Amino acid sequence: MKEKRTALILIASALVLAAGAFLMLNRGDDQSADVRSEVTQPAEEPAKAPDWVDKGQEAKPDYAPATAQPEDVTPPPPPPAPEQDSQTIEITEDSMVRFTFVESLSDFLLQRFQPRGANGKPDSLASAVALNKYFGRELEGFAVSGDDIRASRKEVYDYAFNPAMLKTLYELYAPAFLVHLVDTAASTEREYVVGSEKELRTLTNEEIAVMLRLNARRIERTADLFRAFADDPSIIETAGKYRRAAKAVERANGQLQQAMAEEKNTSEVSDRLKQAILLREHTRAEIVTQLRQVCQSCGGSEVFYLSQWAYRRVLDQPEEKLKTFAAAADILDDLAGRFQEKADELK
């Protein structure tokens with residue numbers, strides 16, 4: 001009896017546990033459904049197809065052969081800038097005045113240019129006086145024979161210093177001279193005075209333009225003086241008068257030295273020497289005053305030197321040589337204009 005009661009209690013307990021488990025399982029399913037409902041994301045819009053699906057692609061026919069290389073659509077690089085070569089001018093060389101003269105003349109101007117002089121500004125030491133001395137010592141650029149420098153200079157003047165030959169030589173060499181001068185200044189290093197120092201370098205375009213303008217003004221001044229010689233023969237006559245006064249001074253000085261050596265009375269010869277010196281200096285001042293009216297910016301020593309140089313050139317053929325000075329003045333004015341134009345191009 002006791003065993004039957006125990007069995008009934010066990011069976012009843014099992015039934016209670018089964019019923020509780022069933023209820024718990026059903027409740028858990030309901031809660032899970034509620035949680036999933038709270039966290040569900042809204043449905044996304046369906047993906048949209050590209051336009052070409054509805055419209056179709058535009059196909060272009062390709063007639064290239066199957067063996068053709070694929071086309072490179074990359075734009076080509078810009079062509080490199082052409083290098084600026086030095087200008088070349090072909091000329092026919094003169095038999096007496098060689099192209100070396102052009103090279104030497106360019107060197108003369110560049111050697112005397114100072115990008116920044118002692119006064120802090122660009123300067124040029126080139127002048128007609130310096131040019132005459134430069135070529136008078138060695139005659140570089142002239143095909144002369146012999147070692148006698150005086151005879152060689154006369155040979156050059158006899159050949160070149162007349163209107164026709166000056167014009168011929170100028171037309172032959174002027175373009176090449178300007179090209180060579182500018183190219184050499186821009187490409188060849190040389191020592192230049194820059195303030196209180198010296199620098200080994202080339203010139204900039206701006207410095208070349210300044211050099212050309214400075215020399216253009218000096219060329220114009222010389223042209224004015226040459227034209228004055230041609231237009232006013234009295235200048236040459238006064239230059240000859242100075243030469244005679246200078247010779248008189250030499251004679252009077254010789255007489256004084258002789259009188260002193262012979263222990264004679266020197267008062268008379270001394271007075272003669274003083275008078276000769278006064279006449280010589282008065283004549284010199286007359287020449288300078290006359291030429292400074294033509295070229296106010298010219299120095300006194302410069303115009304006097306050129307007056308004596310001109311006198312020696314016209315001594316044998318005054319009428320013909322005065323025409324040569326007129327032709328030379330026209331040539332120099334043209335050259336100054338070329339210098340100015342080239343300077344403007346280099347801005």
Side-chain angles (χ1 to χ4, degrees), residues 86-87 89 91 93-94 97-144 149 152-153 156 160 169-170 172-223 225-226 295 297-299 301-303 305-306 309 328 331-332 334-343 345-346:
S86 299
Q87 186 176 353
I89 297 180
I91 61 172
E93 198 171 30
D94 183 72
V97 184
R98 315 298 291 177
F99 186 76
T100 311
F101 169 78
V102 171
E103 298 172 333
S104 184
L105 184 57
S106 298
D107 286 339
F108 169 82
L109 294 179
L110 292 175
Q111 288 170 5
R112 285 157 180 78
F113 175 66
Q114 298 177 348
R116 189 170 71 249
N119 60 357
K121 299 179 180 179
D123 194 12
S124 175
L125 303 181
S127 67
V129 176
L131 181 65
N132 187 57
K133 293 179 179 179
Y134 177 78
F135 281 104
R137 287 191 294 266
E138 298 181 3
L139 292 177
E140 185 175 1
F142 300 97
V144 292
I149 189 66
S152 296
R153 282 201 296 263
V156 171
L169 293 172
Y170 181 71
L172 180 64
Y173 287 132
F177 166 56
L178 190 53
V179 169
H180 181 76
L181 175 62
V182 173
D183 285 352
T184 303
S187 61
T188 303
E189 289 186 342
R190 66 176 64 240
E191 197 172 70
Y192 292 100
V193 172
V194 183
S196 59
E197 299 179 354
K198 292 184 178 181
E199 296 180 2
L200 181 65
R201 63 180 179 87
T202 59
L203 298 179
T204 65
N205 279 356
E206 183 179 356
E207 289 170 339
I208 295 173
V210 170
M211 177 199 65
L212 292 173
R213 291 192 180 94
L214 286 173
N215 284 292
R217 289 196 287 269
R218 284 160 172 75
I219 293 170
E220 289 172 344
R221 293 190 327 193
T222 305
L225 293 173
F226 279 12
C295 179
S297 60
C298 292
S301 59
E302 178 184 6
V303 298
Y305 180 95
L306 288 178
W309 182 84
I331 287 172
L332 291 175
D334 184 82
L335 181 60
R338 293 182 187 230
F339 273 37
Q340 291 282 10
E341 290 177 5
K342 189 62 179 178
E345 292 177 11
L346 294 172

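Starting from 1, each residue takes its place in the sequence as its number. Here the structure is a predicted model, which means the values were calculated and not measured. All values below were derived from every heavy atom in this structure, side-chain atoms included, with hydrogens, water molecules and symmetry-related copies excluded.
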Compile the donor-acceptor pairs under 3.5 Å between side chains in residues 107-119 and protein atoms, sequence neighbours left out, one pair per line.
| from | atom 1 | to | atom 2 | distance (Å) |
| --- | --- | --- | --- | --- |
| D107 | OD1 | R190 | NH2 | 3.1 |
| R112 | NH1 | F108 | O | 3.3 |
| N119 | OD1 | K121 | N | 3.0 |

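Every residue was checked against the salt bridge (Lys or Arg N to Asp or Glu O under 4.0 Å) condition with E103, not counting sequence neighbours, and none meets it. Taking D123 as the reference, R218 meet the salt bridge (Lys or Arg N to Asp or Glu O under 4.0 Å) condition, with sequence neighbours excluded. Remark: N205 engages no residue in a side-chain hydrogen bond (donor to acceptor under 3.5 Å, both in side chains) (not counting sequence neighbours). Looking at residues two or more places apart in sequence or on another chain, you find a side chain to side chain contact (heavy atoms under 4.5 Å, CB included) between A143 and R98. The side-chain hydrogen bond (donor to acceptor under 3.5 Å, both in side chains) test applied to R153 returns no partner, not counting sequence neighbours.
Looking at heavy atoms from C-beta onward, V182 lies in side-chain contact with K342 at the 4.5 angstrom threshold. Using a 4.5 Å heavy-atom threshold, the side chains of E199 and Y192 count as separate. In this structure, the side chains of L335 and L178 stay at 4.5 Å or more apart for every pair of heavy atoms. Using a 4.5 Å heavy-atom threshold, the side chains of V156 and F135 count as separate. Side-chain contact between L172 and V97 is absent, with no heavy atoms from C-beta onward closer than 4.5 Å.
Scanning both residues, I219 and F339, for their nearest heavy atoms gives CD1-CE2, 4.0 Å. For the residue pair C295 and L225, the shortest heavy atom distance occurs at CB-CD2, 4.0 Å. Here the closest heavy-atom approach between residue A343 and residue L212 is recorded as N-CD1, 3.9 Å. Nearest heavy-atom pair across T202 and A185 is CB-O, 3.6 Å. The two atoms that bring A128 and T222 nearest to each other are CB-OG1, 3.8 Å, heavy atoms only. Shown here for L332 and F226, the closest heavy-atom pair between the two residues is CD1-CD2, 3.9 Å.
Looking at D94 and Y173, their side chains never bring a donor and an acceptor atom within 3.5 Å of each other.
In the displayed structure, E189 atom CD is contacted under 6.0 Å by more than 12 heavy atoms of other residues, nucleotides or ligands. Counting non-hydrogen atoms of neighbouring residues, nucleotides and ligands closer than 6.0 angstrom, the CD atom of E138 reaches no more than 12 such neighbours.
At distances below 3.5 Å, at least one donor-acceptor pair connects side-chain atoms of E207 with backbone N or O atoms of T204. Judged by distance alone, with hydrogens and angles left aside, the side-chain atoms of S104 form no donor-acceptor pair with the main-chain N or O of T100 at under 3.5 Å. One N or O on the side chain of N215 and one on the backbone of M211 form a donor-acceptor pair closer than 3.5 Å.
Electrostatic pairing of E191 and R201 does not count as a salt bridge here, judged by no charged N lying under 4.0 Å from a carboxylate O. A salt bridge is defined here as a Lys NZ or Arg NE, NH1 or NH2 lying under 4.0 Å from an Asp or Glu carboxylate O, and R338 with E341 fails to meet this definition.
Under the 30°/60° scheme for interplanar angles, the aromatic rings of F142 and F101 are found to be tilted.
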side-chain contact (heavy atoms from CB on, under 4.5 Å) assessment of Y305 paired with N132: CA-CA 10 Å; Y305 180 95; N132 187 57; 2.7 Å; yes
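Rounding to the nearest 0.5 Å places CG of L214 at 6.0 Å from OG of S124. Note that CZ of R137 is 11.0 Å distant from CG of L139, once rounded to the nearest 0.5 Å.
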